[in-house]
Amino acid sequence: MAPLKVLVGVKRVIDFAVKVRVAPGGQGVQEQGVKHSLNPFCEIALEEAVRLREKGDAAEVVVASVGTRQSQEVLRTALALGADRAVLVEVPPGGPALGPREVAAALSRLVARESPHLVLLGKQAIDDDCNQTGQLLAAALDWAQGTFVSRLALEAGAVRVQRELDGGLETLRLRLPAVLSADLRLNQPRYASLPSIMKAKKKPLELLPLPELLGCPPAPPRLRVLRLEEPPGRQGGQRVENVAALLERLAAAGRI
Amino acid sequence: MRLLPALRLRPGPSAAAPGYRQGQRPEPRTREYFYYLDHQGQLFLDDTKVKNFITCFKDVAFLSFFFKQLEQNRSGRYEAEFPFLSRCGRERNFLRCDDRPVVFTHLLPGDSRLLSYCGAGERLVVPFQPEKLTVFPENGRLYHPAPAKSGGVGLVRSALALEWSSRFQYEHGQEQPPTHFLWEGRSYRLTEELLPLLWAGSARECSDIPISTCPT
């Protein structure tokens, strides 16, 4: 089978272990000085792409991110984890937050430039939980899509995927090219050894301004955050002796 | 169940059921549980089918007690498959690891110079000794001293090694392990004193032993 080119999209997000706080003004969360890392789902997508190359099914793994210059950190991490080269589609800091619509538009232009046979993304980012970029990108490209992928196997001109759905597992065979989004069960990412980290410093990392990639100024975002608030604090509970007492308490509170 | 060609069922302690049952009672009033620690320092029940940052144990009190009690498994039970043991009263909690039973995740903020491990924040820490950081040539991973009871050496998790990677200096060229570590304005010559422990541990490792019989 002819080796193929895989493009992996990754996102820099606030680390999952951080206790997130709403920023003053209620329009976003505190990001300054807060630990960021590679989105866990993106890491899994990348791991799968690297495994495909190590098996000989893929010839090249290109990793890309759409974000400010700080996103170079996660691209360097991705190179250390085995990607061959990286592209940062750069946006200036302080601009409006990019959502799946803007990212999918950028990635579709990158696909036109790079001509991969397969695009692998994480199924969602842990900051916005949108779970839309893969789907929007596949639609923009008019490619087959396999989302929530928990197993993946390449065949001649196609990819067989197992999808994790609420009702069970679905197996699909998709003709290439295709966009896939990785679910947690797909794999467990590797440890980036020190030699890999050192080699990664020499791998190419290209900075590509977004307007240059699009060939025009980016369209303004269509979503505006009205308000962001933390969930209400947990109230204390009450213990009751038995079901009868529970029903009485609920009725007295007007709940039933 | 029809399997995709890329799937292979891996035999061994991670396969559900054979060899043990969680909570089994080999003697009266004694229960046994079986755990797994991955290379990111995430602790799971060994037979958890899906192991990731969502399904790992997170309770700091539990983790702190579990790892403080951790020692080599010399109980005569499951010693080969689960090299470590954490006792809780009469309960035996067996542990096997992807790498080491101690995985360092981050330095505590501030001037404390304390290195935290296994997800318990400030409750599981060792003093940070930059000169003792060691790259093990066999696997390229980064290690640091750990409590002696747990084997004396712990893995520095990948994300932390990446953060620190630009602080290493290579006097003999980058094909060789690093020789110095830059920290707080000082260049520490790496002593590599953990290497004998790492080589000894590597010789002892037998990570793919399947459990074929269940001790009664």
Side-chain angles (χ1 to χ4, degrees), chain A residues 15-19 33-41 43-44 47-48 51-52 55 57 73-81 126 149-155 159-162 164 168-169 171-173 182-202, chain B residues 1-8 14 36 38-42 44 49-56 58 98-100 103 105-107 109 116 119 121 133-143 155-170 173-178 181:
Chain A
D15 189 86
F16 71 85
V18 167
K19 200 154 172 56
V34 164
K35 187 167 175 9
H36 285 67
S37 42
L38 177 56
N39 183 44
F41 294 93
E43 194 179 356
I44 290 169
E47 172 68 27
E48 198 65 19
R51 289 186 189 187
L52 287 175
K55 270 198 295 210
D57 290 340
E73 298 159 10
V74 298
L75 288 173
R76 285 280 165 222
T77 300
L79 291 169
L81 291 168
I126 61 170
V149 171
S150 55
R151 297 263 195 257
L152 186 166
L154 280 170
E155 302 176 354
V159 60
R160 187 182 291 242
V161 298
Q162 181 184 84
E164 290 244 342
L169 301 173
T171 302
L172 297 178
R173 189 173 167 279
D183 208 329
L184 281 177
R185 280 183 214 229
L186 183 55
N187 59 53
Q188 282 167 39
R190 65 191 58 198
Y191 186 105
S193 68
L194 259 296
S196 299
I197 295 172
M198 296 316 292
K199 279 201 197 92
K201 294 186 199 283
K202 300 197 185 94
Chain B
M1 182 180 83
R2 200 163 69 87
L3 298 176
L4 294 173
L7 275 182
R8 279 187 310 278
S14 69
Y36 172 76
D38 73 5
H39 63 67
Q40 297 198 67
Q42 297 177 149
F44 308 90
K49 284 202 175 64
V50 182
K51 297 183 170 81
N52 53 54
F53 72 104
I54 291 178
T55 59
C56 66
K58 294 186 187 64
D98 181 24
D99 190 311
R100 298 287 139 176
V103 178
T105 54
H106 63 286
L107 271 170
S116 173
L133 285 167
T134 306
V135 176
F136 189 31
E138 184 150 285
N139 58 18
R141 295 183 176 190
L142 186 63
Y143 296 87
L155 176 71
V156 173
R157 78 166 169 172
S158 189
L160 187 53
L162 263 157
E163 260 183 63
W164 286 348
S165 60
S166 53
R167 297 175 178 275
F168 285 103
Q169 292 170 312
Y170 294 76
Q174 293 200 356
E175 300 304 310
Q176 301 298 317
F181 185 77

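For the numbers below, each heavy atom of this structure counts, side chains included, while hydrogens, waters and symmetry mates do not. Chain letters run A, B, ... following the sequence lines, proteins first, then strands; residues in each count from 1. No experiment lies behind these values; they were computed from the predicted model shown.
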Query raised in the report: Between A/Ile44 and B/Asn52, is any pair of side-chain heavy atoms under 4.5 Å apart?
Result: no
Query raised in the report: Any side-chain heavy-atom pair from B/Lys51 and A/Gln188 closer than 4.5 angstrom?
Result: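 Touching, per the 4.5 Å side-chain cut-off.
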What part of [X] is in contact with chain B, defined as an atom under 4.5 angstrom from a non-hydrogen atom: side chain, backbone, both or neither?
X: A/Tyr191; value: both
X: A/Ser37; value: neither
X: A/Leu194; value: both
X: A/Ala192; value: both

Query raised in the report: Any sub-3.5 Å donor-acceptor pair from A/Asn39's side-chain atoms to A/Ile126's backbone N or O?
Result: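 Yes, because the side chain of A/Asn39 sits within donor-acceptor range (under 3.5 Å) of the backbone of A/Ile126.
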Requested in this report: Sequence neighbours left out, what passes side-chain contact (heavy atoms from CB on, under 4.5 Å) with A/Val149? Give chain and number order.
Outcome: A/Leu152, A/Val161, A/Leu180, A/Leu186
Interface moiety of [X] toward chain A, non-hydrogen atoms closer than 4.5 Å:
X: B/Asn139; answer: backbone
X: B/Gln176; answer: neither
X: B/Thr55; answer: neither
X: B/Phe168; answer: side chain

Requested in this report: Give me the ring orientation class for B/Trp164 and B/Phe181: parallel if the planes are under 30° apart, tilted from 30 to 60°, perpendicular past 60°.
Outcome: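 It falls in the perpendicular class, over 60°.
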Query raised in the report: What closest approach, in Å, do A/Ala200 and A/Arg76 show between heavy atoms, and which atom pair accounts for it?
Result: O-NH1, 3.0 Å
Report task. Could you name each residue pair satisfying salt bridge (charged side-chain N to carboxylate O under 4.0 Å, His left out) that touches residues 186-200 of chain A, not counting sequence neighbours? Result -> A/Glu47-A/Arg190, A/Glu54-A/Arg190
Report task. Report the option among B/Lys58, B/His106, B/His39 that has the most heavy-atom pairs separated by less than 4.5 Å from atoms of chain A. Result ->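 Of the options given, most contacts go to B/His39.
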Query - Among B/Ala159, B/Ser165, B/Gly119, residue most engaged with chain A (heavy-atom pairs, under 4.5 Å) - result: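 Of B/Ala159, B/Ser165, B/Gly119, B/Ser165 has the most heavy-atom pairs under 4.5 Å with chain A.
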